[in-house]
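Both backbone and side-chain heavy atoms feed into the values below; hydrogens, waters and symmetry mates do not. Throughout, a chain's letter reflects where its sequence line sits, starting with A, and its residues are numbered from 1. Every value quoted in this text rests on a predicted model; they were computed, and no experiment measured them.
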There are 2 protein chains.
Amino acid sequence: MSTSPLLKGTLQTIILKLLEDNDQMYGYEITQKVKELTAGEMKLTEGALYPALHKLEADGLLETFNEIVDNRVRKYYRLTEQGGQEVTSKLQEAQAFIEQLQAVLNLKPQAL
Amino acid sequence: MSTSPLLKGTLQTIILKLLEDNDQMYGYEITQKVKELTAGEMKLTEGALYPALHKLEADGLLETFNEIVDNRVRKYYRLTEQGGQEVTSKLQEAQAFIEQLQAVLNLKPQAL
DNA sequence: ATTACATACATAGTTTTCTTATGTATGTAA
DNA sequence: TTACATACATAAGAAAACTATGTATGTAAT
């Protein structure tokens with residue numbers, strides 16, 4: 001991930017969420033989707049993405065299958081059943097984290 | 001930091017912001033403040049806090065002075081001038097990060 | 001008395017995660 | 001034929017956090 005060292009730990013959540021919304025995606029497609037969704041401000045590097053994908057697969061949250069498009073192999077990723085369950089809890093964690101961060105940094109009015 | 005591995009990179013921002021709001025604080029006080037502001041959900045561990053404080057001091061963003069309270073030394077931290085400037089940019093970074101994350105995770109309606 | 005917990009600092013070892021750099025290979029546009 | 005986009009991957013290193021531990025004092029409980 002580029003821009004800033006702020007994203008640590010959330011990459012897995014991003015991958016899982018994108019695969020929940022898009023059913024199946026390949027690595028390069030994910031990098032482009034993230035760029036698109038953040039108007040180019042968040043950039044996923046391969047060195048971060050591919051190890052993260054491999055880990056999610058090893059953990060049983062993703063499964064893969066290959067397709068050949070224009071003579072090039074594309075490795076598609078899809079959520080497993082376990083992965084589908086994980087998305088929900090990871091998203092809740094992310095939401096909670098954002099709210100806590102906003103509270104500590106006083107980034108929005110907070111009723112505490 | 002406990003709860004989740006989501007906070008990496010934001011600890012410095014939290015420290016700087018708390019010192020902007022509170023003028024001077026000591027380490028233990030910071031851990032308690034974070035706990036208070038997040039209703040106990042975010043917990044700062046010493047192993048994360050003290051190295052972070054020392055690094056910020058080494059980088060010239062914080063300065064320290066000791067006071068003795070109840071026979072115990074308290075090491076107070078305060079923003080330097082440079083530190084005061086850094087707070088603003090770190091906060092903007094954090095705000096931008098939150099917005100990008102919300103966009104990618106589709107956590108709130110986004111006009112893109 | 002002494003155990004436990006809160007206050008208050010600190011560091012060492014390890015792990016996780018990301019960045020940078022590099023490598024392979026194909027297709028297309030200049 | 002050079003450059004860039006597409007598409008995968010790994011290795012080396014750095015950054016940052018976590019876990020565990022250590023010191024020391026004050027206070028409350030047993």
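- Considering only heavy atoms from C-beta on, Glu63(B) stays 4.5 Å or farther from Tyr77(B) through its side chain.
- dA9(D) atom C1' lies 13 Å from atom CD of Glu57(A), rounded to whole Å.
- Regarding Lys55(A), its NZ atom lies at a distance of 17 Å from the C1' atom of dT10(D), rounded to whole Å.
- Atom P of nucleotide dA15(D) and atom CD of Gln12(B) are separated by 11 Å, given to the nearest angstrom.
- Residue Lys43(A) contributes atom NZ, which lies 16 Å from atom C1' of dT20(C) at whole-angstrom precision.
- Taking the side chain as every heavy atom from C-beta outward, Lys75(A) and Glu67(A) never approach each other to under 4.5 Å.
- Note on ring orientation: taking the six-membered ring where Trp is involved, the planes of Tyr26(A) and Tyr76(A) are perpendicular (angle over 60°, cut-offs 30° and 60°).
- The backbone N or O of Leu61(A) sits less than 3.5 Å from a side-chain atom of Thr80(A), completing a donor-acceptor pair.
- dG27(C) atom C1' lies 15 Å from atom CD1 of Ile68(A), rounded to whole Å.
- Residues Ile15(B) and Leu53(B) have side chains in contact (heavy-atom distance under 4.5 Å, counting atoms from C-beta outward).
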Could you summarise the pairing of DNA chain C as dot-bracket text, marking Watson-Crick and G-U pairs under 3.5 Å with ( ) or [ ] inside the strand and | across strands?
||||||||||||||||||||||||||||||
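- With sequence neighbours excluded, the residues that form a side chain to side chain contact (heavy atoms under 4.5 Å, CB included) with Ser89(A) are Glu86(A).
- Within the 4.0 Å cut-off from OP1 or OP2 of dA24(D), not a single side-chain nitrogen or oxygen of Asn71(B) is found.
- With contacts defined as side-chain heavy-atom distances shorter than 4.5 Å, the pair Thr38(B)/Lys43(B) does not qualify.
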Once base and sugar-phosphate atoms are separated, protein heavy atoms under 4.0 Å mark nucleotides 8-15 of chain C, 5' to 3', with B, S and - as SBBB----
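- Residues Leu37(B) and Met42(B) have side chains not in contact (no heavy-atom distance under 4.5 Å, counting atoms from C-beta outward).
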